[in-house]
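Residue numbers start from 1 in every chain, and the chains themselves are labelled A, B, ... in the order their sequence lines are given, proteins ahead of strands. No hydrogens, no waters, no symmetry mates; every other heavy atom, side chains included, goes into these values.
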Amino acid sequence: MEITTLLQNEFAVEFESALILEIADCGELRTIAPHTPMMEIGQEISRIPLLVSGSIKIFTEDASGDELFLYYLEHGDTCAMTLKCCTGKKKSTISAITDEETTIIFIPVQKMDEWMVKYVSWRNFVLDSHHSRMQELLEAVDSLAFMNMEERLKKYLHDKVLVSKSAEIQITHAEIARDLHSSRVVISRLMKKLENNGEVVQSRNKVSLPEYAQKLK
DNA sequence: TCATTAACACGGG
DNA sequence: CCCGTGTTAATGA
């Protein structure tokens, strides 16, 4: 789709029209395949991503190099890390991987400062975005510190369903275990328990939450 | 007690 | 057959 049309369809409420024209002018529209790494830890940031559709998983990394899932970026989101890093020429401390086919508009870093001054809507966008990312980060920390694995698993499935906008999720127990820093044995056991409670329906490579079946019709 | 690791059986694609 | 799933036994925190 044409970038200008896309912007007008998706972001007309969010951004003033002059800003939309500028984004259309310098932004680069790209569609990225599922499960493509977008950002590695330590990588320098040169462009600001603006999510149009799809979703991106954001991870942090522990000392031993294992990834821990933090939160998703969705439509209208941008990366808080990027916003901070690109002004200070810092390196990324997170990694990002597309979760499904994802459409992104990339904006050159140089425009950041210029637009912050020039456009109220951009300034608000950046501040709001930073705020909601902070909120999600707190939730992630909270679930790590205070929730047991069963609650974390439920939250994980719940989030995944909301992001994919489908009651049915394509995932294996092993993948969940990796994201949550657990083992497959534990996930299998908990999933079985959830299934017996009628909270999930499972089949190979697939989980669905009946709870959302009607809601997301 | 509960998580992890390794090992194994089952079964669907 | 391959791989995801469900279980168990041993071990450790």
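Leu190(A) contributes atom CG, which lies 13.0 Å from atom CD of Glu195(A) (distance to the nearest 0.5 angstrom). The distance from atom CD of Glu150(A) to atom CD of Glu199(A), rounded to the nearest 0.5 Å, is 7.0 Å.
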- [ ] Go through Asp179(A) and Tyr156(A) one step at a time and tell me if the side-chain hydrogen bond (donor to acceptor under 3.5 Å, both in side chains) criterion holds.
- [x] CA-CA 9 Å; Asp179(A) 282 355; Tyr156(A) 178 86; 2.6 Å; yes

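Toward the 5' end of DNA chain B, the nearer of the two residues Arg204(A) and His181(A), judged by each one's closest nucleotide, is His181(A).
Between the CG atom of Leu190(A) and the P atom of dC2(B) there is a distance of 12 Å, rounded to whole Å. In this structure, Arg184(A) places its CZ atom 14 Å from P of dA7(B), rounding to the nearest Å. Following rounding to the nearest Å, Leu153(A) (CG) and dA3(B) (C1') show an atom-to-atom distance of 15 Å. Here dT4(B) presents its P atom at 15 Å from CZ of Arg178(A), a figure rounded to the nearest Å. Atom NE2 of His173(A) and atom P of dA3(B) are 16 Å apart (whole Å). Nucleotide dT4(B) holds its C1' atom 11 Å from the CZ atom of Arg189(A), rounded to whole Å. The nearest whole Å value for the distance from the CD atom in Gln202(A) to the P atom in dG12(B) is 15 Å.
At a cut-off of 3.5 Å, with distance as the only test, a side-chain donor of Ser55(A) or Glu100(A) sits close to an acceptor on the other residue.
Note on Ser183(A): a base of the nucleic acid sits closer than 4.0 angstrom, heavy atoms only.
Running 5' to 3' along DNA chain C, contacts with non-hydrogen atoms of chain A at under 4.0 Å begin and end at dC3(C) to dT8(C).
Residue pairs meeting the ring-ring contact (aromatic ring centres under 6.0 Å, His included) criterion with at least one member in residues 15-62 of chain A, sequence neighbours excluded: Phe11(A)-Phe15(A), Phe15(A)-Trp122(A), Phe15(A)-Phe125(A).
Separation of the Phe69(A) and His181(A) ring centroids does not fall under the 6.0 Å cut-off.
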